[in-house]
There are 2 protein chains.
Amino acid sequence: MNTHSDSENSLSRMEEMVSKLRALEFRLTPQRMAVLEVLAAGEGHPSVKEVHEIVKRKFPTTSIATIYKTVNLLKRINEILEISIPGGSKRYEGGKPFPHPHVICIRCKKVIDLDLGPLKDITTRIADDTGFEIRSHRLDFFGVCGDCKSREKLTQKQRRQRHDK
Amino acid sequence: MNTHSDSENSLSRMEEMVSKLRALEFRLTPQRMAVLEVLAAGEGHPSVKEVHEIVKRKFPTTSIATIYKTVNLLKRINEILEISIPGGSKRYEGGKPFPHPHVICIRCKKVIDLDLGPLKDITTRIADDTGFEIRSHRLDFFGVCGDCKSREKLTQKQRRQRHDK
DNA sequence: ATGAATGCAAAAATTTTGCAGAGAA
DNA sequence: TTCTCTGCAAAATTTTTGCATTCAT
């Protein structure tokens with residue numbers, strides 16, 4: 001683990017986000033800062049609802065519309081990454097706002113970052129082949145995480161026992 | 001192009017889907033068959049709404065709920081692939097019901113299939129690294145297609161002219 | 001002071017669900 | 001005949017939008 005560089009990272013992500021907003025002359029309201037803090041912390045991959053819950057602890061009157069507006073703003077200026085989860089709501093990631101692969105549990109919707117090399121070669125080839133101007137990509141793997149696998153085995157065992165009776 | 005093998009492909013996809021449904025003892029209603037036909041044809045990547053439009057031509061009273069139910073059934077038994085489009089509704093593909101890469105236009109939401117090799121090696125490594133049992137993946141590239149690029153250039157030119165006046 | 005952001009409520013958009021009746025097996 | 005599927009309407013989700021008010025700059 002590397003807690004030190006993690007907090008360094010969140011600090012700098014916070015600074016980066018704030019600079020970008022300032023540079024583009026967006027206003028730094030308390031609610032907006034609170035959203036930034038949640039996403040810059042880089043802990044997990046929260047949904048809008050989860051961000052809202054956390055922000056409301058500090059500013060209880062914060063509306064979900066404000067969270068949506070802020071998250072969409074941050075997405076538009078490429079300061080957060082949006083991850084769509086089949087069968088779940090969208091998740092947001094401020095720690096690494098560039099495309100990178102994930103592993104997603106189809107049971108508990110847990111999201112884990114992966115670190116493969118960049119797909120630059122493939123991207124270039126695809127641009128050449130299709131005439132698209134490629135701007136981003138997503139590479140996500142879906143499966144069942146260790147925890148949910150154990151739970152499934154338990155359930156199977158229970159089911160078998162029930163049948164055996 | 002290869003129209004012959006295309007229609008062969010849709011024929012066999014249709015047969016495959018029907019067999020699968022029969023094997024699992026689902027009923028082959030006219031509405032269900034119509035949905036199958038649309039998706040087995042493998043033309044494009046229609047949304048539920050688009051499938052509904054087409055099915056209604058033959059069976060005008062078909063409800064959108066039936067389309068949702070059928071599409072979700074086909075997804076569950078792995079006979080169609082679901083593609084989530086950021087800023088758009090989900091799309092479905094019956095021609096190639098296994099994970100494969102796409103290029104998606106972020107302007108007009110056009111979807112094009114790609115044919116890269118399988119990601120088997122990567123998948124195995126990820127399973128080993130994360131303890132996940134990997135069941136599927138998605139690899140999609142986002143960009144602006146040739147058509148939309150031309151349109152954007154036109155708009156830019158118009159904008160420039162307006163400013164130059 | 002000025003214009004942008006907030007909060008609220010209403011509206012959209014998408015998908016799911018319950019249930020009575022129709023129809024495939 | 002039986003049990004699944006359909007169609008309809010209602011509900012649940014998720015996200016967007018309009019507008020008066022507040023507030024950052």
Side-chain angles (χ1 to χ4, degrees), chain A residues 17-39 45-77 79-80 82-92 109, chain B residues 17-39 45-77 79-80 82-92 109:
Chain A
M17 288 184 179
V18 170
S19 310
K20 178 75 91 67
L21 286 175
R22 250 199 260 279
L24 298 172
E25 300 185 83
F26 289 106
R27 296 190 176 171
L28 300 173
T29 63
Q31 296 90 332
R32 200 165 264 178
M33 292 298 279
V35 173
L36 288 195
E37 270 165 31
V38 173
L39 291 168
H45 303 77
S47 64
V48 163
K49 199 189 277 184
E50 285 164 348
V51 174
H52 189 212
E53 297 304 331
I54 298 172
V55 168
K56 273 198 293 189
R57 290 180 204 153
K58 239 190 194 171
F59 304 102
T61 63
T62 308
S63 139
I64 188 102
T66 297
I67 310 294
Y68 271 105
K69 285 167 186 168
T70 304
V71 158
N72 285 336
L73 169 61
L74 292 172
K75 184 174 62 171
R76 210 161 355 115
I77 66 174
E79 286 298 317
I80 60 177
E82 182 181 84
I83 307 155
S84 77
I85 311 282
S89 40
K90 285 175 190 147
R91 309 292 203 78
Y92 296 90
K109 316 297 184 206
Chain B
M17 288 185 179
V18 169
S19 310
K20 179 75 93 61
L21 286 174
R22 250 199 259 280
L24 296 172
E25 298 184 83
F26 289 106
R27 295 189 177 170
L28 300 173
T29 65
Q31 296 89 334
R32 202 166 262 177
M33 292 298 280
V35 173
L36 288 195
E37 270 165 30
V38 174
L39 291 168
H45 303 78
S47 64
V48 163
K49 200 188 279 182
E50 284 164 350
V51 174
H52 188 213
E53 297 304 332
I54 297 171
V55 169
K56 273 198 294 188
R57 288 180 206 155
K58 242 191 194 170
F59 304 102
T61 63
T62 309
S63 140
I64 188 104
T66 297
I67 310 294
Y68 272 105
K69 284 166 186 168
T70 305
V71 158
N72 284 336
L73 168 61
L74 293 172
K75 185 175 61 172
R76 217 169 340 126
I77 66 175
E79 285 298 317
I80 60 176
E82 182 182 85
I83 308 155
S84 76
I85 311 281
S89 39
K90 285 173 189 149
R91 309 293 203 77
Y92 296 91
K109 317 296 184 207

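Chain A is the first sequence line, chain B the second, and so forth, proteins listed ahead of strands; every chain is numbered from 1.
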Enquirer: At how many degrees, to 10°, do the end axes of the helix from C/dA1-D/dT25 to C/dA25-D/dT1 meet when each uses five pairs?
Expert: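 Taking five pairs per end, the axes differ by 40°.
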Enquirer: Separation of A/Leu21 atom CG from C/dA4 atom P, in whole Å?
Expert: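 Roughly 15 Å, once rounded to whole Å.
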Enquirer: What string of B, S and - do you get for nucleotides 6-16 of chain D, 5' to 3', if B is base contact, S is sugar-phosphate-only contact and - is no contact with any protein heavy atom under 4.0 Å?
Expert: BBB-----SBB
Enquirer: Could you state the CD-P distance from B/Glu25 to D/dC3, rounded to the nearest angstrom?
Expert: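 One finds 13 Å between P of D/dC3 and CD of B/Glu25, rounded.
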Enquirer: Using whole Å, report how far CG of A/Leu36 lies from P of C/dA5.
Expert: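 So the CG-P distance, A/Leu36 to C/dA5, works out to 13 Å.
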Enquirer: If you look at every heavy atom in A/Val71 and A/Ile80, which pair is closest and at what distance?
Expert: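 Minimum heavy-atom separation between A/Val71 and A/Ile80: O-CD1, 3.4 Å.
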Enquirer: Of all the heavy-atom pairs spanning A/Ile77 and A/Lys20, show the shortest one and how long it is.
Expert: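 Result for this residue pair: O-NZ, 2.7 Å.
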Enquirer: In this structure, which one of B/Lys75, B/Arg91, B/His45 forms a side chain to side chain donor-acceptor pair (under 3.5 Å) with B/Glu82?
Expert: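 With B/Glu82 as partner, B/Lys75, B/Arg91, B/His45 yield a single side chain to side chain donor-acceptor pair (under 3.5 Å), made by B/Lys75.
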Enquirer: Which atom pair, heavy atoms only, marks the closest approach of B/Arg22 to B/Leu28?
Expert: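 Nearest heavy atoms, B/Arg22 then B/Leu28: NH1-CD1, 3.3 Å.
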Enquirer: Nearest-Å distance, CD1 (A/Ile85) to P (C/dT15)?
Expert: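 Rounded to whole Å, this separation is 16 Å.
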Enquirer: When rounded to the nearest 0.5 angstrom, what is the spacing between CG in A/Leu73 and OG1 in A/Thr66?
Expert: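 Between A/Leu73 CG and A/Thr66 OG1, I get 12.0 Å after rounding to 0.5 Å.
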Enquirer: Work out which heavy atom in A/Thr62 is nearest to a heavy atom in A/His52; give both atom names and the distance.
Expert: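 Heavy atoms only, the tightest pair is O-NE2, 2.8 Å.
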Enquirer: For A/Arg27 and C/dT6, what is the distance between atoms CZ and P respectively, to the nearest whole Å?
Expert: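 Interatomic distance, CZ of A/Arg27 to P of C/dT6: 11 Å.
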Enquirer: Do you know which two heavy atoms are closest between A/Ile64 and A/Lys49, and how far apart they sit?
Expert: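 Smallest interatomic distance, heavy atoms only, reads CD1-CA, 4.3 Å.
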Enquirer: Between A/Ser84 and B/Ser84, is there a side-chain donor-acceptor contact under 3.5 Å, judged purely by atom types and distance?
Expert: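 A/Ser84 and B/Ser84 do have a side-chain donor-acceptor pair below 3.5 Å.
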